[in-house]
Structure formats: structure tokens, C-alpha cells
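Reading through the C-alpha cells given below for one structure.
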Amino acid sequence: MILEALNYAASWPLTSVAHRPFIRSSVNLWARASRCHAAWAEHERRTKAAILAAAEGCRQRRTVVVLGSGLLRDVPVTELSRLFDAVVLVDLVHLASVRGWLAVKRLKNVRLIERDLSGLDALLAGQPTEPLAFLRQVPYLDLVVSANLLSQIGIGAARRLDGHADKGALLRQVIGAHAEALAQVSAETCLVTDVSYTVIDRGGGRHETVDLMYGADLGDVRAEWDWPVIPFGEESPDYQILHRVIAR
């Protein structure tokens, strides 16, 4: 708890006022990632492998943008820094722990940007939903990575839309807008996201499965795997929550 409090306090002045409400959830994720490091290791390895495979497929390697860079546990930022002239990490919050790690590594071609990538505000205002329109302003863009972000966009939007009559349809639009925006980028892209989760007991019984894409179709995928986001013992000794992850 002390380390969490210190990370929260150190991140507060480094984060814009609009995004400070999200520091707590980022710190909570940071703490859980530490507790569950063994259970998450394979997922992190496979995510990094998918990103590096996309990077290797780029004809030029000038600028890479990582959407949802988060804790950097699943982003091969050191390798990307070596491969590309510029690395741009985009998320709502960049914790002090992440900033400190980058400073220690002296990755001088890495830039941090705070940004809401959901597009929900525009959708609710009846405006065109172009959550990734800012990418048009990025010069020499050769690769865009969406790193375990899309489900988090959906979860955050679902909280804001509680009680809304068109919640399901709006969530599909938010998810679909992100996938469509990636498809329209004039650069190589890599999308890694968890698409569903299942509650499983120790006997292998499946008690609940939830579609994190809310019915949105992401098209063909290159790889799939399971990620025990909540392993046995994290919340209960009797069940785990297993997320299904795709890469495309």
C-alpha cells in the first residue's frame, strides 16, 4: 500500500487535471500486475512478440505510435526504441513509475502523450467519431499499435453509459470506431486486445462468459491465446477469470 500511495502521489502533479481521476485505476493495475506477474508473463511475452512481428514487417521504421501503452509491461519499448527513429506512447495516464523507468533506460527517442482514445464524447455530442484522427498529424508514421486497449475503452464507456437506453448500440459504435480507424491508418498496424472473459472454477466449470467487444466484429485474427487476468487466489481461491486475447 505504501508503494501504491507513493506512485499515486508522484503521478498526480505529472498528470493533467482532466486525467487525474484515472490515476487510481492505473495504480491499482500496476499493483495487480506486480502480484500476478507469473500468471501474466506468457500474455505479456505474446503481446510483445505480436508487436515486434508487426515492426519487422515495416518497410521503413521512422515513427511508431503505441496506443494504450499503460505500464509498458506488454510493450517492447526498448526494442522499438532501437528499431524506430521515434516512439510515441499514448495513454490517459503515464504513471510516475513508468516515467521513472523510461528515464533510467535513457530512451531519448520516446515521447509520452496523454489522450482520451475512446471517442465517446464526440459520439454522445452527435459529432463524427474519429478517435484516432490525431494520427494524421504524426509525421513519418510507419506503425500504429493498439496494445490491450480496446477492451478498456469499452469498459470505461460502459461505466459512463450506465442507464443509457442505447448503451449496447453505443458501445458497439465505440469499439467499431477504434477498429475502423486503425484500418484506415496509412501505416502498418497491430491490434492486440482481450475480446471476452470467462469465470472458471477449480473443477473447470464455466460460470459466466462476457463479450468485451459488445458484438463488434474485429475481422480475421493472426493469433489467439488465454490470459488469466485474475488467477486463482487473486480474488478468490475458488475461481479464476480467464480472458481471451486476439492479435491482428
Side-chain angles (χ1 to χ4, degrees), residues 11 14-23 25-27 29-30 33 44 47-48 50-52 54-55 58 61-103 105 107-123 128-157 174-194 247-248:
S11 300
L14 302 174
T15 306
S16 66
V17 173
H19 296 154
R20 283 175 179 169
F22 303 101
I23 296 175
S25 60
S26 294
V27 170
L29 179 63
W30 174 73
E44 292 168 356
T47 298
K48 288 179 178 179
I51 294 170
L52 289 175
C58 293
R61 296 172 191 157
R62 295 166 297 179
T63 300
V64 54
V65 173
V66 181
L67 309 172
S69 53
L71 306 177
L72 296 182
R73 294 179 61 98
D74 52 5
V75 178
V77 66
T78 302
E79 293 87 341
L80 293 176
S81 177
R82 293 172 184 156
L83 287 170
F84 288 82
D85 297 333
V87 180
V88 182
L89 306 178
V90 186
D91 215 325
L92 271 175
V93 173
H94 301 284
L95 290 176
S97 55
V98 170
R99 295 173 185 269
W101 184 88
L102 290 170
K105 293 296 182 179
L107 304 179
K108 296 181 179 179
N109 62 337
V110 175
R111 178 187 175 193
L112 303 179
I113 294 177
E114 281 185 31
R115 193 177 189 93
D116 179 1
L117 295 166
S118 71
L120 182 58
D121 288 335
L123 181 62
T129 308
E130 296 184 289
L132 305 184
F134 72 98
L135 291 175
R136 300 186 194 118
Q137 310 304 317
V138 179
Y140 310 116
L141 182 59
D142 293 310
L143 175 63
V144 178
V145 177
S146 178
N148 293 302
L149 167 67
L150 190 49
S151 66
Q152 296 306 302
I153 287 176
I155 290 169
V174 168
I175 297 292
H178 185 88
E180 180 61 25
L182 278 179
Q184 292 178 359
V185 170
S186 58
E188 293 293 325
T189 62
C190 175
L191 169 65
V192 181
T193 184
D194 43 338
R248 48 158 278 204

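The model shown is predicted, which means the values in this text are computed figures rather than measured ones. Residues: numbered from 1 along the sequence shown.
Note on residues 134-143: pairs passing side-chain hydrogen bond (donor to acceptor under 3.5 Å, both in side chains), not counting sequence neighbours, are Arg62-Asp142, Glu130-Arg136. Applying the salt bridge (Lys or Arg N to Asp or Glu O under 4.0 Å) definition to pairs two or more places apart or across chains, none involves residues 87-98. Residue pairs meeting the side-chain hydrogen bond (donor to acceptor under 3.5 Å, both in side chains) criterion with at least one partner in residues 68-79, sequence neighbours excluded, are Glu44-Arg73, Asp74-Asn148.
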Item checked: Evaluation steps, side-chain contact (heavy atoms from CB on, under 4.5 Å), between Phe84 and Val65 -> CA-CA 10 Å; Phe84 288 82; Val65 173; over 6 Å; no

Next item on the list: Take Leu83 and Leu52 through the test side-chain contact (heavy atoms from CB on, under 4.5 Å) and record every step on the way to the result.
Entry: CA-CA 10 Å; Leu83 287 170; Leu52 289 175; 4.2 Å; yes

Next item on the list: Could you check Phe134 against Leu117 for side-chain contact (heavy atoms from CB on, under 4.5 Å), going step by step and ending with a plain yes or no?
Entry: CA-CA 10 Å; Phe134 72 98; Leu117 295 166; 3.6 Å; yes

Check: Can you check side-chain contact (heavy atoms from CB on, under 4.5 Å) on Asn109 and Asp85, steps first, answer last?
Finding: CA-CA 7 Å; Asn109 62 337; Asp85 297 333; 5.8 Å; no

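Counting only distance, with no hydrogens or angles, the side chain of His19 and the backbone of Val93 share no donor-acceptor pair below 3.5 Å. In this structure, the side chain of Ser11 engages the main chain of Ala96 through a donor-acceptor pair within 3.5 Å. Judged by distance alone, the side chain of Arg99 and the main-chain N or O of Leu14 form a donor-acceptor pair under 3.5 Å.
Across all their heavy atoms, Glu114 and Ser16 have their closest contact at OE1-OG, 2.6 Å. Shortest non-hydrogen contact noted between Leu71 and Trp30 is CD1-CA, 3.6 Å. Across all non-hydrogen atoms, the minimal contact from Cys190 to Leu143 is N-CD1, 4.4 Å. Among all heavy-atom pairs drawn from Thr193 and Ser151, the shortest one is OG1-N, 3.4 Å. When all heavy atoms are compared, the tightest approach of Val144 to Val185 is CG2-CG1, 3.8 Å. Scanning all heavy atoms of the two residues, the minimum distance from Ile51 to Pro76 falls at CD1-CD, 3.8 Å.
Distance CD/Glu180 to CD1/Ile175: 14.0 Å, rounded to 0.5 Å. Within the model, atoms CD of Gln152 and CG of Leu92 stand 10.5 Å from one another, a figure rounded to the nearest 0.5 Å. Within the model, atoms CG of Leu182 and OG1 of Thr189 stand 5.5 Å from one another, a figure rounded to the nearest 0.5 Å. Between the OG atom in Ser186 and the CG atom in Leu135 there is a gap of 9.0 Å [rounded to 0.5 Å].
Val98 has its side chain out of reach of Leu89: every pair of non-hydrogen atoms, C-beta onward, lies at least 4.5 Å apart. Counting heavy atoms from C-beta outward, Leu67 and His178 have side chains that approach closer than 4.5 Å. At least one side-chain heavy atom of Val27 sits under 4.5 Å from a side-chain heavy atom of Leu95. No side-chain heavy atom of Val77 sits less than 4.5 Å from a side-chain heavy atom of Val66. In this structure the side chain of Val75 never reaches within 4.5 angstrom of the side chain of Val145, judged on heavy atoms.
Under the side chain to side chain contact (heavy atoms under 4.5 Å, CB included) criterion, Ser118 pairs with Asp116, Leu120, Ile153, not counting sequence neighbours. Partners of Ser25 by side chain to side chain contact (heavy atoms under 4.5 Å, CB included), not counting sequence neighbours, listed by chain and number: Phe22. Residues forming a side chain to side chain contact (heavy atoms under 4.5 Å, CB included) with Ala177 (at least two apart in sequence, or on another chain): Thr129, Pro131.
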